[in-house]
Colleague: 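Structure provided below as structure tokens; questions to follow.
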Amino acid sequence: MAWSLRKGTREDIPALLTLTKEFAVSLGFNEGVVKFREEDLLRDGFDTFLKFLIAEWLTEGDSNAKPEMIGYSFYYTCYAGTEGRMVYIEDIYVKKEYQRKGIGRAFMKKAAEMANDLKCCKLGWSCLDDNTEGLKFYYRLGAKMLDQLTQMEIEGREMKKLLSNPVQLSPGVGVRFGVQEDIPAVYTFMKELAVVNGDTVTVSETDLVQDGFTDPKYFYVVVAEKTVERNSGPSGHEIIGFSTYFFAYSWAGLIIYMEDLYVKEEDTENSIRTALMKKIAEFAEENNCCRIAWSHRKDNIPALKFYERLEATPQPRGRKMYLDKSAIANLLA
């Protein structure tokens, strides 16, 4: 007997959906948490940012035997804030009886190859903190955990409230979708945010223009601005905040992931932050995305209180993990 990996096809979708539900149950969830349908995968899984692989098992010597689907992997390209391009693995699943045969490592290696080819800064994913075997597997590959982050999301009734409730901004303040000319200001804010979070900015202005305003797009941006009166000539506008976001995928289907949210101005009522998130929610609704997800630092109490007021839901079991460039190179060696 032997196994192999291949790209998923449209004909795989029914069996793929069955395996996804099986994976959810194996992690202690009800299969009802898998909300995407066959038609969603047919729409989102081909000629888009989303990629999926299939693992098959074939009985050697039996010419009449059909390959059995024994595992799958979803992954996609996205953006890691101040670091640049990354590949994110949404799911890796191998049926229990076929585990410990190198299939999971092969799935990871395929995603790592994509990350390496695209010159990504890292390969990321999430793992449940009670998934002991999964954590051991990832640590053997040299993975690191971002345990200072809490994952959150907003969807359904709460997202509708965000869309419908008016946001009272100060006179002369507004939000809009970003354009290429906004990148110098956005880059400056990224560096300020990095200082606050103790991070390092490795991405450049040129990278942001390339990755946000040419195809394929790795991220999108919204900005907040205010009118500035000048002593001579017409009034102008000054950017005072921004948010970056991108398409992602989950068991709920197509979603939006908010990477950064930053406002320079004093925003004691969080009205500017709310307006930025509302603009992202409008983008999500226009693109048939059912959820907005993000992560925030556990020690950022003001941010937590803000998200709680939006009735966002924390996901305490999930832990974000990643392979850096060095670990990716080791996996591919």
Side-chain angles (χ1 to χ4, degrees), residues 3 5 16 19-31 33-34 51-55 70-78 80-81 83 86-116 120-153 197-199 248-252 255 257 259 293-300 313-333:
W3 58 267
L5 301 186
L16 179 63
L19 274 188
T20 306
K21 292 178 178 179
E22 183 179 300
F23 182 30
V25 171
S26 75
L27 294 175
F29 297 102
N30 185 290
E31 68 174 34
V33 300
V34 180
K51 312 296 179 186
F52 68 91
L53 293 174
I54 299 299
I70 59 171
Y72 75 94
S73 176
F74 283 119
Y75 56 98
Y76 52 84
T77 54
C78 56
E83 298 174 89
M86 68 176 288
V87 170
Y88 192 87
I89 302 170
E90 180 59 32
D91 277 354
I92 287 183
Y93 175 63
V94 180
K95 286 187 172 184
K96 188 173 183 179
E97 59 268 34
Y98 296 100
Q99 294 175 7
R100 300 183 182 278
K101 298 181 183 297
I103 303 173
R105 184 183 180 90
F107 275 136
M108 291 289 294
K109 190 171 182 178
K110 283 293 185 182
E113 288 172 358
M114 183 178 182
N116 187 64
C120 295
C121 64
K122 63 176 66 169
L123 174 64
W125 65 93
S126 292
C127 184
L128 297 182
D129 53 13
D130 55 0
N131 184 358
T132 306
E133 291 303 311
L135 290 170
K136 288 179 180 178
F137 166 66
Y138 294 131
Y139 282 133
R140 285 197 297 270
L141 296 179
K144 299 176 183 179
M145 181 180 288
L146 295 169
D147 55 3
Q148 75 274 25
L149 299 179
T150 294
Q151 299 182 69
M152 304 194 76
E153 60 190 40
N197 292 332
D199 296 330
Y249 219 76
S250 74
W251 289 344
I255 68 171
Y257 191 92
E259 178 65 19
W294 65 92
S295 298
H296 78 91
R297 296 179 66 92
K298 294 178 181 178
D299 57 359
N300 190 345
T313 304
Q315 302 297 313
R317 292 179 64 194
R319 294 291 181 268
K320 297 183 77 67
M321 305 185 75
Y322 69 96
L323 297 180
D324 59 19
K325 287 184 178 180
S326 176
I328 289 172
N330 289 337
L331 178 58
L332 295 176

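Small disclaimer: the values here were computed from a predicted structure and weren't measured.
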Colleague: Counting only pairs under 3.5 Å, give me each side-chain donor-acceptor contact of residues 321-333, with atom names and distances, residues two or more places apart or in other chains.
Modeller:
unit_1, atom_1, unit_2, atom_2, d
Asp324, OD1, Ser326, N, 3.2
Asp324, OD1, Ala327, N, 2.9
Asp324, OD2, Lys144, NZ, 3.1
Asn330, ND2, Ser326, O, 3.4

Colleague: Got a second to check how far Ser26's OG is from Lys95's NZ, nearest 0.5 Å?
Modeller: 12.0 Å
Colleague: Say you draw a straight line from CG of Leu135 to CG of Asn131; how long is it, rounded to the nearest 0.5 Å?
Modeller: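 Taking CG in Leu135 and CG in Asn131, the distance rounds to 6.0 Å.
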Colleague: Return yes when atom NZ of Lys320 has more than 12 non-hydrogen atoms of other residues, nucleotides or ligands closer than 6.0 Å, and no otherwise.
Modeller: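 Yes - once you tally the heavy atoms of other residues, nucleotides and ligands closer than 6.0 Å, there are more than 12.
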Colleague: Contact between Phe23 and Val34 at the side-chain level, heavy atoms closer than 4.5 Å - yes or no?
Modeller: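 No, side chains not in contact.
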Colleague: How long is the straight-line distance from CG of Asp129 back to CG of Asp147, given to the nearest 0.5 Å?
Modeller: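 Taking CG in Asp147 and CG in Asp129, the distance rounds to 11.0 Å.
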Colleague: Closest approach of Ala55 and Leu5, non-hydrogen atoms and distance?
Modeller: CB-CD2, 3.6 Å
Colleague: Tell me whether the rings of Trp125 and Tyr138 are parallel (<30°), tilted (30 to 60°) or perpendicular (>60°).
Modeller: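 It falls in the tilted class, 30° to 60°.
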Colleague: Looking at Lys51 and Thr77, would you say the former's side chain and the latter's main chain have a donor-acceptor pair under 3.5 Å?
Modeller: no
Colleague: Rounded to the nearest 0.5 Å, what's the gap from CH2 on Trp294 to CD on Glu153? Could you check?
Modeller: 8.0 Å
Colleague: Taking C-beta and beyond as the side chain, do Gln148 and Leu146 meet within less than 4.5 Å on heavy atoms?
Modeller: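 Yes, their side chains come closer than 4.5 Å.
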Colleague: Once rounded to the nearest 0.5 Å, what's the spacing between atom CG of Leu53 and atom CZ of Phe107?
Modeller: 6.0 Å
Colleague: Minimum heavy-atom separation for Ile255 to Ala293, with atom names?
Modeller: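 Taking Ile255 first and Ala293 second, the nearest heavy atoms are CD1-CB, 4.3 Å.
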Colleague: Hey, mind stepping through Phe29 and Leu128 against side-chain contact (heavy atoms from CB on, under 4.5 Å) and telling me if it holds?
Modeller: CA-CA 12 Å; Phe29 297 102; Leu128 297 182; 3.7 Å; yes
Colleague: Are the side chain of Glu31 and the backbone of Ala24 linked by a donor-acceptor contact shorter than 3.5 Å?
Modeller: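 Checking the backbone N and O of Ala24 against the side chain of Glu31, no donor-acceptor pair under 3.5 Å is found.
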Colleague: Once side-chain hydrogen bond (donor to acceptor under 3.5 Å, both in side chains) is applied, do any residues pair with Glu133, and if so which ones, sequence neighbours excluded?
Modeller: Arg100
Colleague: Quick check: does any side chain N or O of Tyr75 sit under 3.5 Å from a backbone N or O of Ile92, one acting as donor and the other as acceptor?
Modeller: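 No, because the side chain of Tyr75 does not come within donor-acceptor range (under 3.5 Å) of the backbone of Ile92.
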Colleague: How far does CZ of Arg105 sit from CZ of Phe137, to the nearest 0.5 angstrom?
Modeller: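 Spacing of CZ (Arg105) from CZ (Phe137) equals 7.5 Å.
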Colleague: Partners of Tyr257 by side-chain hydrogen bond (donor to acceptor under 3.5 Å, both in side chains), sequence neighbours excluded?
Modeller: Ser295
Colleague: Specify the closest pair of heavy atoms between Tyr93 and Glu22, including all atoms of both residues, with the distance to one decimal.
Modeller: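 Heavy atoms only, the tightest pair is OH-OE2, 2.5 Å.
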Colleague: Can you name the closest pair of heavy atoms from Cys127 and Gly134 and give their distance?
Modeller: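 Heavy atoms only, the tightest pair is SG-C, 4.3 Å.
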Colleague: Might you point out which heavy atoms bring Met108 and Leu123 nearest each other, and give the distance in Å?
Modeller: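 Taking Met108 first and Leu123 second, the nearest heavy atoms are O-CD2, 4.0 Å.
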Colleague: For the rings on Tyr76 and Phe74, is their centre-to-centre separation under 6.0 Å?
Modeller: no
Colleague: Any idea which heavy atoms bring Met86 and Cys121 closest together, and the distance?
Modeller: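 Nearest heavy atoms, Met86 then Cys121: CB-SG, 4.3 Å.
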Colleague: Around Arg297, counting heavy atoms of other residues, nucleotides and ligands shown, do more than 12 lie under 6.0 Å from its CZ?
Modeller: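 Buried by this count: over 12 neighbours within 6.0 Å.
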